[in-house]
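Protein chains get the first letters and strands the later ones, always in sequence-line order, with residue 1 at the start of each. Please read these numbers as outputs of a predicted model, since none were measured by experiment.
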Amino acid sequence: MSQINMVQSLNRSLDRLMAADERVIIMGEDVGRDGGVFRVTDNLLNKYGTERVIDTPLNELAIIGMASGMAMYGLKPIAEIQFQDYIFPAFDQIVNNIAKVRYRTGGRFEVPLIIRTPYGGGVRGGLYHSQSGEAYFAHTAGLIVVTPSNPYDASGLLVSAYKSKDPVIFLEPKRLYRAAKSEVPDEQFEVEIGKAAKLKEGDDVSIITYGSMVPVVMSAVEKNQVNADVIDLRTILPMDITAVLQTAKKTGRVVIVHEAPRTLGVGAEISALIAERAIDSLFAPIVRVTGYDIPFPYSHEEFYIPDEKRIMNAINKVLTY
Amino acid sequence: MSQINMVQSLNRSLDRLMAADERVIIMGEDVGRDGGVFRVTDNLLNKYGTERVIDTPLNELAIIGMASGMAMYGLKPIAEIQFQDYIFPAFDQIVNNIAKVRYRTGGRFEVPLIIRTPYGGGVRGGLYHSQSGEAYFAHTAGLIVVTPSNPYDASGLLVSAYKSKDPVIFLEPKRLYRAAKSEVPDEQFEVEIGKAAKLKEGDDVSIITYGSMVPVVMSAVEKNQVNADVIDLRTILPMDITAVLQTAKKTGRVVIVHEAPRTLGVGAEISALIAERAIDSLFAPIVRVTGYDIPFPYSHEEFYIPDEKRIMNAINKVLTY
Amino acid sequence: MGDEETLREMAIVGNLSNEQAITAYKTAVLARTLDTKIINAQRQGIIGFHVPAQGQEMIQIATAMLADKEDLIFTYYRDLALYLQRGVPLSLIFDQMLGNSNDFQKGRQMPDHFSFKEFNFSTVQSPVGAHLPLTVGAAYSMRYTKKNGIVITTFGDGATSTSDFHAALTMASVYNLNVLFICENNGWAISLPASKQTKAEIYKKGAAYGIPGKRVDGNDLIGSLSGLQEAFDYVRSGKGPYLVEAVTYRIGPHSTSDDPKKYRVDEITDGSEKDPIKRLENLLLKMGVVDSNFVMTTKAQAKESVDKEMEERMNIPPTDPLSIFDDVYEKPTWIQEEERRDLNVSD
Amino acid sequence: MGDEETLREMAIVGNLSNEQAITAYKTAVLARTLDTKIINAQRQGIIGFHVPAQGQEMIQIATAMLADKEDLIFTYYRDLALYLQRGVPLSLIFDQMLGNSNDFQKGRQMPDHFSFKEFNFSTVQSPVGAHLPLTVGAAYSMRYTKKNGIVITTFGDGATSTSDFHAALTMASVYNLNVLFICENNGWAISLPASKQTKAEIYKKGAAYGIPGKRVDGNDLIGSLSGLQEAFDYVRSGKGPYLVEAVTYRIGPHSTSDDPKKYRVDEITDGSEKDPIKRLENLLLKMGVVDSNFVMTTKAQAKESVDKEMEERMNIPPTDPLSIFDDVYEKPTWIQEEERRDLNVSD
Ligand SMILES: Cc1ncc(C[n+]2csc(CCOP(=O)(O)OP(=O)(O)O)c2C)c(N)n1
Ligand SMILES: Cc1ncc(C[n+]2csc(CCOP(=O)(O)OP(=O)(O)O)c2C)c(N)n1
Ligand SMILES: [Mg+2]
Ligand SMILES: [Mg+2]
């Protein structure tokens with residue numbers, strides 16, 4: 001066990017995976033000598049050499065396209081996209097190729113790769129270093145989409161992603177990279193894909209969230225002593241429907257919190273699943289607290305990202321409904 | 001007035017716009033001599049010449065990127081993407097550039113272009129000629145997303161898109177291109193962006209749909225004499241929230257129908273908006289009838305696309321709840 | 001290239017035996033016959049769609065002749081003769097074209113989107129050029145895992161404009177990967193003539209990446225073989241990627257949905273002077289390698305086997321509709337399971 | 001290039017007057033001073049971020065010198081000297097860097113992402129290369145509407161690998177558009193040396209599109225001017241696009257977030273032998289155009305005006321938080337209106 005932050009946790013997990021399995025290849029812009037702009041791949045080049053830690057030219061389509069060829073032919077690439085905002089040049093490869101290879105070949109090929117990418121705001125990165133694009137991927141059958149909210153889950157989900165035979169979009173909330181340390185085992189362990197975590201048991205209201213918003217939600221409910229059930233989804237696709245419905249039915253009051261814009265954000269799907277399957281249990285509207293439907297602004301990002309006040313407003317709204 | 005199909009309606013509307021405004025430029029793969037693979041731009045090259053009807057090389061990023069430069073500097077490009085499935089190579093330009101130019105420049109630049117593209121299945125096109133990708137765009141603030149369901153709306157929405165100073169993703173349900181004729185005025189007219197159409201008044205259940213599914217829904221409710229309120233959204237972003245809430249509150253029973261996959265499809269947002277704002281009016285779960293969460297298969301596409309039977313099952317479910 | 005020249009070229013290739021030439025001819029005839037059969041089947045509604053390969057058979061056959069078994073080939077959607085020359089049986093081709101329950105891909109893809117893994121082919125997708133970056137990853141994997149063989153890929157002139165082409169050549173060059181890029185320049189991307197696709201000569205496009213290139217006469221077996229040989233040698237020797245532009249000719253429409261009269265009025269011909277099969281046939285006849293009787297028999301046999309095979313494969317039942325939920329993931333998630341039940345009930 | 005040579009070159013350019021050389025020098029010093037000021041301000045938390053342009057001033061100044069007012073310029077995020085030479089006042093630069101309420105862009109973008117429309121600049125975005133396809137559309141529009149002027153665009157060596165670069169050169173060539181592509185090859189894309197970005201020489205990349213290219217010494221004013229002149233002439237005459245590779249040198253880190261010691265250990269220098277400002281300074285001194293007193297005064301004045309300007313601009317208040325809902329659309333939709341109210345209430 002060590003007290004480490006998310007960057008360290010990811011770095012160690014990558015290191016262990018590379019040490020154990022020669023098929024694991026890391027690739028991306030500045031992942032080698034620089035160790036990644038957030039240092040997640042620090043020192044791996046020194047340990048594993050240029051064949052296994054590949055500094056690539058500046059083309060995300062090329063990175064993902066090449067990685068998918070590697071994955072189809074026996075390797076286990078872990079590709080980094082420097083900021084999630086820069087994944088879109090590879091969007092066609094992701095939704096039209098990677099997500100559909102297994103299907104279109106009748107299961108004869110698979111693309112077991114991992115695409116790691118930091119997302120979310122709070123680092124004064126403006127429009128192009130702050131986006132939370134998980135919904136673009138979660139609408140695409142064939143992909144798995146996960147996001148950890150703490151160092152432990154980061155490491156454990158990465159191992160599960162490594163074991164997955166399906167392509168995994170691994171979204172890392174960059175604001176949390178160094179925000180907190182927690183106990184993480186020194187050996188390899190797994191956090192199951194498709195399983196949410198119950199972070200807090202409570203009866204009055206359910207808060208469903210994930211990734212970058214988890215610490216904000218926890219802080220809000222703790223400071224205000226809200227008797228809340230708090231769910232950290234961890235996997236966005238496929239979502240843990242059991243956990244979602246169980247908590248909705250238990251409390252009958254649901255608040256969904258995410259940083260991405262509201263319209264067709266992941267909260268829409270959560271809300272729709274509940275409205276479809278647990279409507280009779282509800283005592284209040286299903287309320288979403290989200291980033292706004294605007295590009296991510298450079299100034300005033302603190303107003304863009306849901307804060308404790310906005311979360312408490314929503315909680316109070318459903319509690320007093 | 002003429003009895004024409006959707007292709008003819010679009011073609012005439014394009015023709016009128018080009019005749020009236022020299023700034024209108026049509027561009028895309030095979031839009032010129034070939035007149036577009038679906039003939040929507042037929043004969044326009046002959047009338048307006050190669051400067052205004054541009055056959056482009058095979059690169060969607062180049063088409064959209066170039067069109068956006070044209071739009072920023074005074075022209076009104078109407079770019080065609082041959083199939084919506086092929087728009088993803090341009091996804092970065094669409095979500096990171098076009099949707100954000102006005103915002104990032106503090107309103108000093110705008111990108112008033114139209115991207116026309118046929119979408120949806122039913123033409124035995126398999127994975128890559130059948131997709132309904134509207135949700136990818138509707139999650140992106142800065143874009144307008146519309147889809148007509150009949151020849152009249154096609155023409156009218158196109159004129160409104162032309163007048164819009166914001167970029168419009170204009171989705172054409174290819175299955176309906178020649179499926180039906182209707183009365184369309186010979187002069188220019190508008191169908192307002194952001195306004196849904198009430199296709200049928202009824203009290204028992206609300207059916208909210210758009211685009212390719214509209215005729216299927218109408219046929220189902222008519223054949224089965226369902227006393228349904230039927231809403232054709234026409235604009236997907238920004239959605240007509242008034243129409244959606246009004247019908248939900250009126251009937252208290254909502255069925256949403258679209259062809260795109262369910263998870264984070266547009267139905268999720270519709271459902272979430274209702275669950276957020278009209279929950280007390282509901283007598284039944286909000287049910288979605290959608291394409292399945294699988295890539296669009298070549299064989300058995302008739303099972304993929306929601307049919308009258310699946311729609312009626314959902315209607316009966318909410319009616320008898 | 002006149003016949004005399006061709007004969008001289010043949011001497012240069014040297015190692016093309018009469019048997020090989022005859023096999024190539026037979027494959028070409030079979031491919032052409034199959035193609036015509038499919039077009040007719042499409043008209044009758046038996047097969048859903050087709051992109052004819054007519055006119056492009058010879059460069060495809062030459063490619064397959066020079067490829068080793070262990071070479072991995074990423075084709076595009078218009079490579080019928082390539083599959084046949086590499087030994088793919090008609091039965092498997094029809095199974096895919098019909099999308100029946102014998103189809104390896106379970107009827108998931110449109111006709112012409114094959115995945116003959118057993119013959120060391122990869123998988124065909126519709127987005128033009130999108131397979132190209134994959135070839136680079138595959139080549140990386142082969143080198144890394146010390147597998148023998150090179151990666152070969154085919155694509156059209158239109159594909160050279162795509163972002164995927166740029167991505168693939170960038171990576172192949174930077175990592176010095178064994179990828180042989182073969183552009184089948186048939187002069188058209190649907191209605192766009194190659195001259196409007198680019199102002200550069202395609203085989204020179206490698207210059208932007210430090211990749212050598214060569215143009216070959218793709219309508220001529222000998223020209224294709226001798227040109228390709230150099231490229232294969234280069235790539236096999238580990239010198240890195242190579243770009244071949246095979247100049248060929250699309251005799252027919254872009255696809256069964258296409259009407260070339262809209263855009264090809266001024267130069268419609270039957271293509272016969274460029275027809276690679278006629279050229280080989282004439283050469284073989286002239287050299288006395290075969291006689292006209294052989295030609296007739298070859299064509300008749302091709303027709304017979306194509307007709308017979310299609311009739312047989314048409315008897316194979318379609319796939320189970322409920323199978324559309326398989327292979328989205330290794331195991332269906334609760335979503336696909338639920339939707340499968342939904343379909344089963346509504347059915 | 002030795003000074004002797006440089007003098008000879010100067011004769012070739014011919015039309016560079018002493019005044020122009022002095023102005024260029026002053027701009028360069030101002031740009032360098034401003035850059036240093038911003039880096040310090042960033043360390044103090046006054047400015048959020050910066051991509052230093054140090055080392056790349058001369059090619060930027062030369063570009064601005066040759067550009068006409070009516071030429072439209074698409075810069076990238078590292079072009080400080082280019083703005084200054086074209087007349088953008090320090091005040092506007094600081095307004096953007098500080099994101100204050102005077103900023104034309106309303107504080108929406110990170111520092112260095114300018115949009116000086118009044119000076120015929122377009123708009124800078126962070127995704128590398130993404131402005132390049134826009135340049136082509138702008139050039140099309142200018143030709144179509146019979147506007148004078150050409151389109152000029154700058155970008156880094158890393159940008160040449162992007163799909164946008166390929167897209168832009170494809171279109172510019174096919175439609176023969178007046179776009180001058182200027183690559184500021186500073187040797188690095190963050191930590192990736194240009195030698196690993198591509199195996200080709202960048203100025204030859206146009207070969208894939210039939211676009212001519214040229215390499216110029218971007219660290220030398222005279223070299224940059226004479227090299228660029230040919231390119232400007234070519235594009236202005238309507239012959240089509242042209243690709244210039246300006247070899248330059250990134251003296252500092254990639255950005256204020258970057259630590260080049262991680263990857264640049266083996267070749268860290270102060271860059272002085274390549275420093276374009278030192279080179280021009282030495283030349284002007286040697287030729288007697290200026291004396292050391294002038295040099296000192298120029299530097300002092302630059303510092304004074306930069307210091308003064310920043311102090312002034314820091315007094316300008318920030319934008320109203322509620323303005324973040326503007327300019328998403330021409331008019332906010334109900335969604336932005338509702339969210340604006342939400343923020344107003346929670347505030
Ligand atoms: C990315 C993408 N855009 C558009 C299409 C539609 N389309 C199919 S084939 C084709 C032309 C391809 O031309 P070329 O690459 O020369 O190959 P050919 O068909 O001539 O063999 C086009 C535009 C597509 N399949 N993929
Ligand atoms: C599409 C995209 N991918 C990655 C990044 C992150 N990034 C910012 S600058 C940069 C390097 C750019 O290098 P170059 O084009 O040579 O310009 P330079 O910064 O050296 O001036 C990278 C990788 C980005 N901004 N955009
Ligand atoms: Mg072609
Ligand atoms: Mg650089």
Side chain from CB out, backbone as N, CA, C, O: work out which of these in [X] comes under 4.5 Å of a heavy atom of chain C, or both, or neither.
X: Ile25(A); result: side chain
X: Ala67(A); result: neither
X: Leu273(A); result: side chain

Non-hydrogen atoms of chain A under 4.5 Å away: do they reach the side chain of Ala168(C), the backbone, both or neither?
-> neither

What part of Val124(C) lies closer than 4.5 angstrom to a heavy atom of chain A: side chain, backbone, both or neither?
-> backbone

For each of [options], tally heavy-atom pairs with chain C at distances under 4.5 Å, and name the one with the top tally.
options: Ile54(A), Val101(A), Ile144(A); value: Ile54(A)
options: Pro238(A), Pro112(A), Gly194(A); value: Pro238(A)
options: Gly106(A), Pro89(A), Ala62(A); value: Gly106(A)

Between chain C and chain A, which N or O donor and acceptor atoms come closer than 3.5 Å?
| residue | atom | partner | partner atom | Å |
| --- | --- | --- | --- | --- |
| Lys106(C) | NZ | Gly106(A) | O | 3.4 |
| Arg108(C) | NH1 | Tyr103(A) | O | 3.0 |
| Ser115(C) | O | Arg108(A) | NH2 | 3.4 |
| Lys117(C) | NZ | Arg108(A) | O | 2.5 |
| Glu118(C) | OE1 | Arg108(A) | NH2 | 2.5 |
| Glu118(C) | OE2 | Arg108(A) | NH1 | 3.2 |
| Glu118(C) | OE2 | Arg108(A) | NH2 | 3.0 |
| Ser122(C) | OG | Tyr73(A) | OH | 2.9 |
| Thr123(C) | OG1 | Arg104(A) | NE | 2.8 |
| Thr123(C) | OG1 | Arg104(A) | NH2 | 3.1 |
| Gln125(C) | OE1 | Arg104(A) | NH1 | 3.2 |
| Ala130(C) | O | Gln93(A) | NE2 | 2.9 |
| Tyr140(C) | OH | Glu51(A) | O | 2.6 |
| Ser141(C) | OG | Tyr73(A) | O | 2.3 |
| Tyr144(C) | OH | Glu22(A) | O | 2.5 |
| Tyr144(C) | OH | Arg52(A) | NE | 3.3 |
| Asp164(C) | OD1 | Gln93(A) | NE2 | 3.0 |
| Tyr175(C) | OH | Asp55(A) | O | 2.8 |
| Ile324(C) | O | Tyr103(A) | OH | 2.6 |
| Asp327(C) | O | Tyr103(A) | N | 3.2 |
| Tyr329(C) | OH | Gly142(A) | N | 3.0 |
| Tyr329(C) | OH | Leu143(A) | N | 3.4 |
| Tyr329(C) | OH | Leu143(A) | O | 2.6 |
| Glu330(C) | N | Asp166(A) | OD1 | 3.2 |
| Glu330(C) | N | Asp166(A) | OD2 | 3.0 |
| Trp334(C) | NE1 | Met239(A) | O | 2.8 |
| Glu338(C) | OE1 | Arg277(A) | NH1 | 2.8 |
| Glu338(C) | OE1 | Arg277(A) | NH2 | 3.4 |
| Glu338(C) | OE2 | Arg277(A) | NH2 | 2.6 |

Among the listed options Val136(C), Leu177(C), Val174(C), Leu72(C), the residue most often paired with chain A at heavy-atom distances under 4.5 Å = Leu72(C)

For Leu61(A) and Ala167(C), the nearest pair of non-hydrogen atoms, with its separation, is CG-CB, 3.9 Å

If you round to the nearest 0.5 Å, how far is CE of Met239(A) from CD1 of Ile335(C)?
-> 8.0 Å

Residues in side-chain contact (heavy atoms from CB on, under 4.5 Å) with Ala161(A), at least two apart?
-> Ile114(A), Val168(A), Phe170(A)

